Amino acid sequence: MTLVLDSVTLTYPDGDRRLTALDDVSLHVPAGTVTAVVGPSGSGKSSLLAVAATLITPDTGTITIGGTSTTGLNRAVLARLRRRHVGIVFQQANLLPALTAAEQLRVVARLDGRRGGADLQAEAGLAEVGLAELAHRRPHQLSGGQRQRVNIARALVNRPAVLLVDEPTSALDRASGAAIIDLLTARTREHGVATVLVTHDRAHLDGVDQVVELVDGQIAVRVSRAE
Amino acid sequence: MFVGWRELWFARGRFGLLVGVVALITVLVGLLSGLTGGLAGRNTSAVLGLGGDHVVFAGEDAQFGGSGLDESTAREWAAVAGVRRVEPLAVSMGKVEAGGRSAGVAVFASPGSEVVLSRGAAAELGVRDGATVTVGDLTAVARVSTEDDYFSHAPVVRVPLPPGSRFSVLILSTSDSDVAAADQRLGTKTETVSDALERIGSFAAENGSLRLMRGFLFAISALVVGAFFTVWTIQRSNDIAVLKALGASTPYLLRDALGQAAVLLALGTTTGTALAAVVGAALPSTVPFVLDLPTLAFPAAVLVGLGLVGAALAIHRITTVDPLTALGSAR
Ligand SMILES: Nc1ncnc2c1ncn2[C@@H]1O[C@H](COP(=O)(O)OP(=O)(O)OP(=O)(O)O)[C@@H](O)[C@H]1O
Ligand SMILES: [Mg+2]
């Protein structure tokens, strides 16, 4: 499934004026490809992800996930859409402290009211990110890189159509950061996911299919890598 | 409660503390309830055992005791439509003596010929059935009742009411009588038996203050549970944001949190009730204490109910957590 943002404008209240965080942004992310979003701090990268994740409704413009427009859907329907079709990897590994690595994945199925098969799915998901042996550890018993891997496995466990990743390597050293990016790229191709990766590290741009640079909420540079 | 159970176990120290507090409050409330019941029995059991459904007092402010009524009033009341039985009763606090020992008692005088000692009075005098006792200027052979009647903390002795004498109250058995109209006409004040208990001075005062204490404990426990869940919900608001971003619906999260509260309250009140029952059973029999299931289970149920209300108000803030806060560290 493809992720399409069409002429999206988002403003935040800023005193008695409004601050434009995204200014007429259009983006087309085909299935099985990675689009990297770069740009200075405050340029609107996280806002772009939040809009794509349906966590914020833009002022104008539309978001289409796999051909379905999200415009006008109510909160419960959006929550279901996120459960089933959107995977989010947070800037910091936002794992739930009370759950083991395997349970972090199982909870996603539970939120959708499913029990059967969730255990096997969780096991397979952790194996994919190379953490099969650490399935019973809680977040405080994992390293930063391992946590980020669990985070990615959790975002992928429901086989989402869209994967949104916000600076997944900001808390990691270069080598483990590169490993995380490789992992994301591999999973994107393998599962045919439309992935948006926000990053500040230009070294991560080698394997991606499209690079978009945001400046002041506008797309300043767009580079597509033809295969 | 997939997340709820795991959080309970993960934060078992914190939750254990709350269970302990709820258990201690339940013990206090349980003991207070048992004591309230016991003291109420020491005040009211004789009046409750009189039979009848209404009590006629001499006037608006009359209590049990005094001699405000006479036979003519009794006759008038007997003639009121729907009144099936009228029994005069004179109540006074006095002394009963036997074999050199004496005991303070409540003297209940009503038409009849027997002197009857309640079990408590007989025990204080150390006499058995058939003993000769003196009550005021009456000396007679007494029967010992199987009932343990008390009035205003004194054991009851029943004596005959001499014909023609004045008395304190009338005990009525009625069916569909217009007692208010009859009161108006006869200048009396009639209460149902349960309302009449409030006119036993010691009962009204004790019961009032014990109930007040219990009420405060109920309120305190609701506040404690509410405060705990307020802090707990704030502490994990980032987790809640993550779950919402993952697609958890708000009703799911509310159910999860309320489920946690229910588990904690059930654990706390069960432990507390069990402890209160153990303490109650260990009390010497001279302490007036009612130890039965309704007396202990009712306050526990109230504690659970109020605790859930407190928790519900606290976890309500889950609805306002913005899933956006899970994304990025800037916000
Ligand atoms: N909730 C909000 N209310 C008001 N203004 C906001 C809010 N969130 C973000 N902004 C503003 O919108 C702009 C874009 O913010 P955003 O978080 O998208 O930037 P970013 O590119 O992710 O920055 P960084 O690289 O520092 O994470 C910034 O100027 C920010 O101050
Ligand atoms: Mg950001």
Side-chain angles (χ1 to χ4, degrees), chain A residues 12 41-42 45-56 75-100 103-113 115 118 138-140 151 154-155 157-158 160 164-167 170-171 198, chain B residues 1-18 228-229 231-261 263-264 315-331:
Chain A
Y12 292 112
S41 182
K45 305 184 295 296
S46 294
S47 301
L48 180 82
L49 284 195
V51 166
T54 74
L55 294 175
I56 314 184
R75 279 208 285 174
V77 176
L78 288 177
R80 196 172 64 214
L81 185 81
R82 281 202 299 280
R83 274 198 309 263
R84 302 208 170 143
H85 300 304
V86 181
I88 307 173
V89 176
F90 303 99
Q91 190 157 355
Q92 290 172 333
N94 269 323
L95 301 176
L96 301 164
L99 305 191
T100 64
E103 286 164 351
Q104 309 280 350
L105 274 62
R106 280 168 60 199
V107 75
V108 179
R110 281 307 190 97
L111 292 179
D112 207 24
R115 285 158 187 262
R138 294 214 162 76
H140 68 269
N151 213 1
R154 178 173 70 183
V157 71
N158 262 0
L164 304 167
V165 189
D166 197 357
E167 306 203 26
S170 56
V198 168
Chain B
M1 276 188 70
F2 183 85
V3 181
W5 282 116
R6 286 161 179 81
E7 281 176 346
L8 282 176
W9 180 247
F10 185 68
R12 54 192 176 278
R14 263 169 287 174
F15 285 122
L17 223 55
L18 182 69
F228 178 91
F229 274 94
V231 174
W232 171 244
T233 308
I234 290 171
Q235 265 184 5
R236 67 189 197 107
S237 57
N238 191 56
D239 297 353
I240 293 166
V242 170
L243 284 165
K244 281 192 173 181
L246 290 176
S249 67
T250 302
Y252 175 92
L253 295 170
L254 289 174
R255 272 202 308 277
D256 219 41
L258 212 55
Q260 290 180 333
V263 169
L264 297 177
I315 65 179
H316 183 69
R317 66 177 60 237
I318 286 179
T319 56
T320 65
V321 172
D322 188 346
L324 202 54
T325 51
L327 201 69
S329 56
R331 283 175 288 257

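Just so it is clear, the structure is predicted and the values come from calculations on it, not from any experiment. Both backbone and side-chain heavy atoms feed into the values below; hydrogens, waters and symmetry mates do not.
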Inset, instruction - Answer yes or no: is there a donor N or O on one side and an acceptor on the other, between the side chain of Arg84(A) and the main chain of Gly247(B), under 3.5 Å? - result: no
Legend entry - Segment of Leu243(B) engaging chain A (4.5 angstrom heavy-atom cut-off): both
Inset, instruction - Nearest 0.5 Å please: distance from the CG atom of Leu78(A) over to the OG atom of Ser249(B). - result: 13.0 Å
Legend entry - chain B interface, residue from Ile88(A), Val107(A), Asn158(A) that has the most non-hydrogen pairs under 4.5 Å: Val107(A)
Legend entry - Region of Leu81(A) that comes under 4.5 Å of a non-hydrogen atom in chain B: neither
Inset, instruction - Starting at CZ of Phe10(B), measure out to OG1 of Thr100(A) and round the result to the nearest 0.5 Å. - result: 11.5 Å
Legend entry - Interface residue of largest heavy-atom contact number with chain B, from Lys45(A), Arg75(A), Arg154(A), under 4.5 Å: Arg154(A)
Inset, instruction - Output the distance between atom CG (Leu324(B)) and atom OG (Ser47(A)), rounded to the nearest 0.5 Å. - result: 8.0 Å
Inset, instruction - Pick whichever of Arg138(A), Glu167(A), Glu103(A) has the most heavy-atom pairs under 4.5 Å with chain B. - result: Glu103(A)
Legend entry - Atom pair CG (Leu55(A)) and NZ (Lys244(B)), whose distance is rounded to the nearest 0.5 Å: 11.0 Å
Inset, instruction - Among Thr325(B), Leu246(B), Asn238(B), find the residue that satisfies the side chain to side chain contact (heavy atoms under 4.5 Å, CB included) test when tested with Asn94(A). - result: Asn238(B)
